[in-house]
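Structure record follows, encoded as structure tokens.
Just so we're on the same page: letters track the sequence lines, and every chain starts at 1. Model, not experiment: these values are computed from the prediction.
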Amino acid sequence: MVSMKTGNTPHHSGSTPGPDAGHAPSAGTGTGTGTTGAGQASRSAPNRRSWRVVDIVVAAVIAVASGVIFWAWNLAYAGLSPAFAAFPPSSALVAGMWLFPAVLGGLIIRRPGAALFTELVAATVSALLGSQFGLTVLASGVIQGLGAELILLAFLYRRFTLPVALLAGLLTGLFGGINDAFIFNWFPEYTLDWKLIYVGLVGVSGVVIAGLLSWLATRGLAATGALSALASRRAHQEPVA
Amino acid sequence: MTLPISPRAGTTSARSASAARTAPSRPEAGSVFERANPLAKLAALLPVTAVLVATMDWVSSGIVLVAAVALLPLSGIRVGEFFRRAWVLVAAALVSAWGTALVGEDSGALLFEAGPVSISEGSVLAGLATGLRILAVALPGVMVFITTDPTDLADALSQRLRLPARFVLGSLAAFRLLGVLTEEWRTLGQARRARGVGTGGNPLRRLGSWLGQVFGLMVQAIRRATKLAITMEARGFGTGDRTWARESRFGAVDAWVVLGGLGLSALAVGLSVATGAFNLVWA
Amino acid sequence: MPGARITAAGWGWRHAGRPVPAVAGLDLEVPAGQKVLLAGPSGAGKSTLLYALAGVLDPADESEETGSLQVDGAVSRQLRGHAGLVQQDPETQVILSRVGDDAAFGAENLQVPREQIWGRVRDALDAVGLGEDQGICLTRDTSRLSGGQKQRLALAGILAMRPPLILLDEPTANLDPTGVLEVRDAVLAVVERSGATLLVVEHRLAIWADHVDRMLVLEPGGGISHDGSPGELLAPGRVRDELAAAGVWVPGRVPAPMTPTSTSAHSPTAAPSGTLLTARGLAVSREPVTPGWRRRFGPTPTPVQADLDLELGAGEAVVVTGANGSGKSTLLLTLAGLIPSHAGTLTAGAALKGERAGHLPDDPYRWKAADLVSRIGTVFQEPEHQFVATTVRDELLFGPRHARDPESGQRLFTDEEAAQRADGLLTALNLESLAEVNPFTLSGGEKRRLSVATVLAAGPEMVFLDEPTFGQDANTWAVLTGLLRGLVAEGRSVLAVTHDADFAAALDARTIELAAVAAVPVNPVNPVNSGESGARS
């Protein structure tokens with residue numbers, strides 16, 4: 001839930017009424033005639049760091065669409081599951097799949113907290129649909145999202161190139177792996193070697209699936225014009241590195 | 001295959017129209033779990049989950065699992081629905097158990113060995129404990145979320161927990177698109193087949209066409225999201241404070257739910273320590 | 001509550017990332033309470049104007065604004081909630097999952113006190129015919145509403161905000177004729193009651209022409225080209241002709257189908273003859289029948305239509321009509337081999353399978369996609385669902401490149417032939433200048449033309465279309481009907497699900513009307529013959 005605070009902006013003053021709340025439309029009429037809206041001051045001061053409604057909704061919808069994609073993945077690759085079941089640590093190879101919302105959200109929205117927020121919403125969707133990780137899926141979402149978020153922060157939310165995306169995928173993967181193997185420790189009895197191998201595999205998977213594919217998807221989406229309302233609208237024309 | 005939509009089939013339609021005389025809200029009738037405030041349920045789930053995360057032992061996992069099954073009548077979940085979901089969770093837990101048996105620390109008699117993997121009596125027991133712990137984390141979680149309406153959760157998160165309304169309601173509106181996007185995924189598959197995109201061929205090619213479909217879904221999802229954001233903004237959303245048509249309330253039942261969660265976790269820890277089974281996972 | 005007054009002086013707007021402004025030099029004065037119909041060719045910036053009035057255009061975002069646009073003497077951005085907006089896609093007009101919550105959303109954002117909200121919500125829902133008296137409770141799941149109901153719900157949400165300005169951006173473009181009227185009448189009732197100023201953008205002018213005070217015609221990249229009463233502007237004469245030429249649907253005019261310049265491009269295979277597809281006792285359902293061992297755990301889904309007997313011959317045009325939810329699209333998907341039939345048999349005739357059919361099964365659903373694409377082409381309602389390439393040209397090459405001979409597995413077309421076909425279709429559908437453009441960036445009409453062209457590229461004997469004319473302007477309509485007529489004349493078979501009676505007439509099509517599905521009807525197929533070909537089993 002920390003991410004929500006990260007995304008808090010001058011638009012919204014949280015629980016305490018903002019300084020211009022007094023100018024808000026009078027409750028009786030509800031039409032707001034002739035008044036200046038509460039958020040108006042911040043709207044006229046553009047800020048590429050602040051979240052607009054469209055940023056929030058698109059990030060959340062990416063997370064929801066990810067939920068659909070996870071479901072479709074489970075359907076399409078039901079045939080593969082015996083292979084993973086035969087040797088469970090191998091599932092780490094596709095673990096990047098569950099992490100891509102973080103990187104994709106970060107690359108598309110380009111606002112501080114976007115990676116964290118998108119992954120957290122994706123985790124909440126999983127929970128509401130009945131996750132096998134119960135309540136912990138929310139905490140995992142935060143930890144995984146944090147991986148990508150830290151990389152994007154390190155580049156001050158100014159660079160969204162391929163190397164940055166791969167790094168974000170890597171750290172998300174490593175955080176996800178560490179989360180599984182050491183924090184929630186879902187397999188406490190694995191030998192340390194296997195735990196480290198697991199973390200490494202999730203990292204690799206994160207680089208390829210969460211990093212590379214998200215970067216390609218962002219460019220492809222920008223080329224379709226679907227991102228025209230977002231900061232990444234020209235992603236397909238940006239240099240690769 | 002059942003869709004991931006409508007996780008609480010029946011709960012919404014079960015609401016009586018009379019409840020809507022003032023404000024439509026959580027059902028006045030309905031199971032304890034359905035009536036409880038989502039935050040109370042999460043507050044109850046938190047310590048239970050925390051105990052299971054902290055220790056891996058038969059006692060704590062077993063107590064939580066027994067309690068979960070015993071509480072089934074309170075949740076209002078139909079038995080058939082419960083087993084349909086539980087079956088998947090059990091399978092997942094078994095896979096985890098098997099993984100630990102393969103690559104877990106060995107002790108006791110060695111049963112099987114091939115290269116880097118080996119199965120021993122110790123690793124099999126550890127595997128079973130691992131699986132039981134995962135199942136114990138999963139089952140109460142599913143019972144809580146299956147009985148939680150996303151709208152009630154959002155009300156509670158923004159009014160009670162004071163999370164920013166823009167983010168909570170933005171996510172809630174997005175969640176409504178889950179069913180729409182699921183339907184769209186199917187349509188995309190049919191539409192692409194009509195173009196000659198095959199679902200057969202070698203795995204790499206199949207993966208390629210699957211990723212194409214994922215891309216198609218993302219385009220539609222983002223286009224919809226952009227329009228939805230305009231709709232929300234045009235209704236005055238996102239500019240400042242707002243009122244709430246319905247109050248997210250805490251009632252007596254919520255106190256019982258929280259106490260129940262605390263009691264269950266205390267019982268699990270207590271018995272686990274008393275029997276000497278307590279086994280800190282980070283140790 | 002009085003309506004809002006709109007004043008524009010030299011107003012213009014350029015969207016972020018676009019080289020030219022969507023609107024420029026707009027001068028406009030709309031008095032309070034006027035009902036205005038906004039027309040103009042696509043790309044004239046009608047939606048941009050509505051967004052600006054709704055206060056949802058973001059000035060901070062690399063975009064550029066010129067001149068001034070004011071509502072009641074203030075910049076509309078400062079007046080959120082002063083204007084209510086309904087857009088085209090019903091799915092994005094609903095915000096929350098309970099009817100009552102959705103209607104209350106705007107009022108909450110305007111900080112209307114809780115005690116007042118539910119009264120407002122009930123009034124608003126009653127006004128649009130979605131009240132409890134009409135059998136819709138406040139907790140009704142919004143996903144269970146029809147398209148027309150969703151649009152009316154959006155209207156209720158706006159009404160609960162009590163805005164002096166109501167903006168509608170093609171609110172009925174995605175609806176069937178019943179939905180169109182129910183939404184239009186709800187709008188008129190609401191405006192009548194509230195006295196709000198109304199601005200509605202619509203391609204099909206007949207829906208609103210008799211009910212508005214004034215009509216404005218916007219010019220692409222410019223301001224207003226015509227301004228007058230609908231009666232004046234739409235009377236036979238220059239303005240009417242101009243509008244018609246720009247693709248606007250003027251009342252009482254059905255465009256003449258436009259025969260494409262060259263049809264040879266998509267007729268390389270010999271025209272088939274005889275029966276292409278036969279259905280016997282066909283039942284259709286979106287929910288697949290669960291395989292054997294799992295069936296006992298769940299009830300077998302009820303088919304949406306059952307016991308259909310149907311024969312589709314070469315050179316036939318057929319339209320399928322019927323109420324919402326009568327299973328028209330489901331039937332189309334089943335016939336097109338895209339979803340399995342629920343019961344009964346579906347048999348592809350020898351004429352459809354072709355000479356090199358090999359061991360092709362009878363049921364098209366069991367064909368590989370590569371075999372399907374050269375035999376049955378299906379055009380979906382949303383063109384974007386079918387785009388698979390990054391340029392228009394590649395999109396057209398995709399089908400021919402993937403079509404296979406079922407026996408040998410060899411490609412049906414060489415690269416050269418594929419290119420020829422693509423070029424031919426680019427010319428025939430006037431898409432040459434767009435060959436290297438990303439398909440997703442095309443206009444609505446261009447997307448529609450491309451989506452039809454892509455399924456024709458592999459030369460299918462049968463073409464199925466789902467509501468091909470929904471939301472299309474008159475020019476695209478003329479091209480589309482002309483093209484399909486050409487196909488039928490060549491001996492191919494065309495089947496469309498549509499509510500568009502003009503379309504059926506233009507194709508001289510046989511009509512199959514599906515009965516509503518209260519229960520599974522005994523004899524659901526009801527041939528209403530509008531064409532001359534009555535050869536129905």
Practice prompt. Answer with side chain, backbone, both or neither: which region of A:W186 has an atom nearer than 4.5 Å to a non-hydrogen atom of chain B?
Written response: both
Item to complete: Please look at B:R176 and chain A and tell me whether the side chain, the backbone, both or neither of the residue comes under 4.5 angstrom of a heavy atom of that chain.
Response: neither
Discussion item. Heavy-atom cut-off 4.5 Å, strictly under: side chain, backbone, both or neither for B:T49 against chain A?
Written reply: side chain
Worksheet item: How close do A:A60 and B:G170 get, heavy atom to heavy atom, and via which atoms?
Response: CB-O, 4.0 Å
Item to complete: For the residue pair B:M218 and A:I62, establish whether any side-chain heavy-atom pair is separated by less than 4.5 Å.
Response: yes
Item to complete: State, yes or no, whether a side-chain contact exists between B:F167 and A:V121 at a heavy-atom distance under 4.5 Å.
Response: no
Worksheet item: Between A:G130, A:P89, A:A72, A:S66, which shows the greatest number of heavy-atom pairs under 4.5 Å with chain B?
Response: A:A72
Fill in: Part of A:F100 lying under 4.5 Å from any heavy atom of chain B
side chain
Worksheet item: Hey, which of A:V125, A:L192, A:V137 has the most heavy atom pairs under 4.5 Å with chain B?
Response: A:V125
Worksheet item: What are the two closest non-hydrogen atoms of A:Q132 and B:A138, and how far apart are they?
Response: O-CB, 3.2 Å
Discussion item. Is it the case that the side chain of B:W282 and the backbone of A:F182 share a donor-acceptor pair, with hydrogens and angles ignored and the cut-off at 3.5 Å?
Written reply: yes
Response to the item:
Test side chain to side chain contact (heavy atoms under 4.5 Å, CB included), reference B:I222, set A:V57, A:V61, A:V58, output is A:V58
Discussion item. Is B:L45 close to chain A through its backbone or its side chain, or both, or neither, when contacts mean heavy atoms under 4.5 Å?
Written reply: both
Response to the item:
Heavy-atom closest pair (B:W185 atom, A:V68 atom, distance to 0.1 Å) is CB-CG1, 4.0 Å
Discussion item. Is B:L181 in contact with chain A via its backbone, its side chain, both, or neither, using a 4.5 Å heavy-atom distance?
Written reply: both
Worksheet item: Between A:P188, A:A63, A:G134, which residue shows the highest count of heavy-atom pairs closer than 4.5 Å to chain B?
Response: A:P188
Worksheet entry | Toward chain A, the part of B:I134 with a non-hydrogen atom under 4.5 Å | both
Discussion item. Looking at A:W51, is its backbone amide N or carbonyl O close enough to the side chain of B:R166 to form a donor-acceptor pair, meaning the two atoms are under 3.5 Å apart?
Written reply: yes
Fill in: Segment of A:F133 engaging chain B (4.5 angstrom heavy-atom cut-off)
backbone
Worksheet entry | Distance in Å, B:T100 OG1 paired with A:F187 CZ, rounded so as to fall on 0.5 Å steps | 8.0 Å
Worksheet item: Which atoms of B:L169 come close to chain A, meaning under 4.5 Å heavy atom to heavy atom: side chain ones, backbone ones, both, or neither?
Response: neither
Fill in: Structural part of B:A173 lying under 4.5 Å from a heavy atom of chain A
neither
Practice prompt. Select one option (side chain, backbone, both, neither) describing which atoms of B:I230 are under 4.5 Å from chain A's heavy atoms.
Written response: neither
Practice prompt. Among A:A127, A:A65, A:S91, single out the residue with the greatest number of heavy-atom pairs under 4.5 Å to chain B.
Written response: A:A127
Discussion item. Taking every non-hydrogen pair under 4.5 Å, which of A:A217, A:S90, A:S131 racks up the most with chain B?
Written reply: A:S131
Fill in: Side chains of A:T124 and B:S171 in contact at under 4.5 Å (non-hydrogen atoms)
no
Discussion item. Can you tell me which of B:V53, B:L135, B:N279 forms the most heavy-atom pairs within a distance under 4.5 Å of chain A?
Written reply: B:V53
Discussion item. Quick check on B:M56 against chain A: is it the side chain, the backbone, both or neither that has a heavy atom closer than 4.5 Å?
Written reply: side chain
Response to the item:
Minimal heavy-atom distance between B:G238 and A:V53, with the atoms involved, is CA-CG2, 4.0 Å
Discussion item. Please find the pair of heavy atoms, one from B:T226 and one from A:A229, that lie closest to each other, and give the distance.
Written reply: CG2-CB, 3.7 Å
Discussion item. Please classify the contact of A:I56 with chain B as side chain, backbone, both or neither, using a heavy-atom distance under 4.5 Å.
Written reply: side chain
Worksheet, complete the sentence: Honestly, the part of A:I183 sitting under 4.5 Å from a heavy atom of chain B is backbone
Discussion item. Heavy-atom cut-off 4.5 Å, strictly under: side chain, backbone, both or neither for A:T191 against chain B?
Written reply: both
Discussion item. Looking only at heavy atoms and a cut-off of under 4.5 Å, which of B:T130, B:V137, B:V142, B:L89 has the most pairs with chain A?
Written reply: B:V137
Response to the item:
Tightest non-hydrogen contact, residues B:W210 and A:M97, listed as CH2-CE, 3.6 Å
Worksheet item: Does B:W98 have its ring centroid less than 6.0 Å away from the ring centroid of A:F87?
Response: no
Discussion item. Quick check for you: to the nearest 0.5 Å, what is the distance between B:L52 atom CG and A:T136 atom OG1?
Written reply: 10.0 Å
Item to complete: Report the option among A:I69, A:L216, A:L135, A:T224 that has the most heavy-atom pairs separated by less than 4.5 Å from atoms of chain B.
Response: A:L135
Discussion item. Nearest 0.5 angstrom please: B:F175 CZ to A:L129 CG, how far?
Written reply: 5.5 Å
Discussion item. Please identify, among B:V219, B:L177, B:L228, B:L46, the residue contributing the most non-hydrogen atom pairs under 4.5 Å to chain A.
Written reply: B:V219
Item to complete: Using a cut-off of under 4.5 Å on heavy-atom pairs, state which of B:A93, B:S123, B:A225, B:G127 scores highest against chain A.
Response: B:A225
